[in-house]
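Fair warning: this is a prediction, and the values are worked out from it, not measured in the lab.
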Amino acid sequence: MAFADPKEQLKVIRRGTEAIIPEEELLLKLEASRANDRPLKVKAGFDPTSPDLHLGHGIILKKLRDFQTLGHEVLFLIGDFTAYIGDPSGRSETRPSISKEEIIKNSRTYERQVFKVLDRKKTQILSNSRWLSNLDPEEFLGLTSLVNVSRILDRDDFSKRYREGVSISLREFIYPLVQAYDSVQMHCDVELGGTDQTFNILLGRDFQRHYGQSPQVGVFLPILEGTDGVKKMSKSLGNYIGLDESPQDIYGKMMSISDDLMWRYYLLLSTCNEKKIRKLRTEHPMDAKKGLAREVVSWLHDTQSALEAERDFETKFSKRSFPEDAKEKDYVPGSRKIVDLVIGVSDSVSTKGEAKRLISQGGLVIDGEKYTDPNSEFPDKIAFEIKIGKKEFLKVVIK
RNA sequence: GGGGAGGUGGCUGAGUGGACAAAAGCAGCAGACUGUAAAUCUGCCGGCGAAAGCCUACGUAGGUUCGAAUCCUGCCCUCCCCA
């Protein structure tokens, strides 16, 4: 296939990245790729430590997609072995360890999720356990002698933990070496990652050089803040929007971010250029936010779902009426008390105490009527509409 | 290997024999307000119970005591200093 002009390609790649190290080398690689009509091998690795990928990963996937559009090949690495070690990057404490079964389960969901963004034909999925679980101890020791402890300790995350007296396990020291070794095994030309991956990715360069390969170029993407607008998006902080979530959920979560954060998301997640964004800033913030929510949903699902999600959102929140397509739930009454009803039917409320609290504070509406006594009984009908808290709308059918 | 400090609810962190389901802050949830939010204000915030109360919980396993987050012992874990 014919590749575009390397300078043009570089322009596309540069959009939205935080840094390309070193950029001159990337240009050289792009030129060589075109001259030899050979696509670049672009690596990005994710450790399957949780079942869901989120928009933070989405930024990286999007950039991988850019590379594919330019004709290059993506090597998507599932870090099933490295997940076991636990990446210390940016962490203020050791990651909790994770079982083999979980890793396998998560890996499977990753494969499904990445193809929401990536082009199947130009993607190779690899697992690093393939070469790491059989790594010869002698070779491994060879790797360890390539890195100086002081250099690792210089890293911000480690030095901070060291200073603050938080434990650092030796296994965490090893992590960057293993990731760097992946690049050797994969013969990568480029590796993508968040800026917190700087050390690990650059170490890959050293390793490749040691093995007589041409060192990879690091392409670094910004770290996306979570929906709280402060901490980085992560599953464990609960401030994430999953790639696999329903259109309604994604739309709703996008709408729940603050106005300030919205502009950051516009920059990182939308295709709008700065000029367009400046124009949006003069409009009503809610409309701007709806536009963003629509774009993200269309990206992860499709335009049709985005419009439906929007309509749904408007009836729920703007018009505060009951959505037409609320989920139907069957309920087999154990008692006629509304507390039991709420627990039996709700996905978000799981204990009686929680249900009581919600009810007595006015968070329960059945058929348009507010119920504030947890011990009162629900209407003697075969079906009714029920609103639990702000977000849960259900059609309950009594069985 | 020696010496010292410490492990409290989702997190930070107070509590050194009964008043402790455990201060305070953060996070979370509900309500009010609004432009969906954010901010702000109000209430809640281990489980069960209508309530009285009961159960579970201060690393873990035992012990002392009428009574233990608090005292003692073993074990596990973390940090600091020395080697």
Any-strand Watson-Crick or G-U partner of [N], both distances under 3.5 Å:
N: B/A51; answer: none
N: B/A32; answer: B/U40
N: B/C79; answer: B/G4
N: B/G74; answer: B/U60

Using a cut-off of 4.0 Å on non-hydrogen atoms, how would the nucleic acid contact of [X] be classed: base, sugar-phosphate, or nothing?
X: A/I168; value: sugar-phosphate
X: A/K356; value: base
X: A/K290; value: nothing
X: A/D259; value: base

message = When you measure from the side-chain N and O atoms of A/K231 to the phosphate of B/A27, is any distance below 4.0 Å, counting only OP1 and OP2?
response = no
query = Distance under 6.0 Å and angle within 45° of the ring axis: does A/R294 meet both against A/Y251?
reply = no
query = Which salt bridge (charged side-chain N to carboxylate O under 4.0 Å, His left out) pairs, counting each pair once, include a residue from residues 96-113 of chain A, with sequence neighbours left out?
reply = A/R112-A/D244
note = With sequence neighbours left out, the residues meeting side chain to side chain donor-acceptor pair (under 3.5 Å) with A/D340 are A/S335, A/K352
key: Centroid-centroid under 6.0 Å between A/F140 and A/Y181 rings   = no
message = Of the listed nucleotides (B/U36, B/G28, B/C48), which one gets closest to any side-chain atom of A/R357?
response = B/G28
inquiry  = Using the C1' atom as the point on both nucleotides, what is the distance between B/G9 and B/G62, in whole Å?
reply    = 25 Å
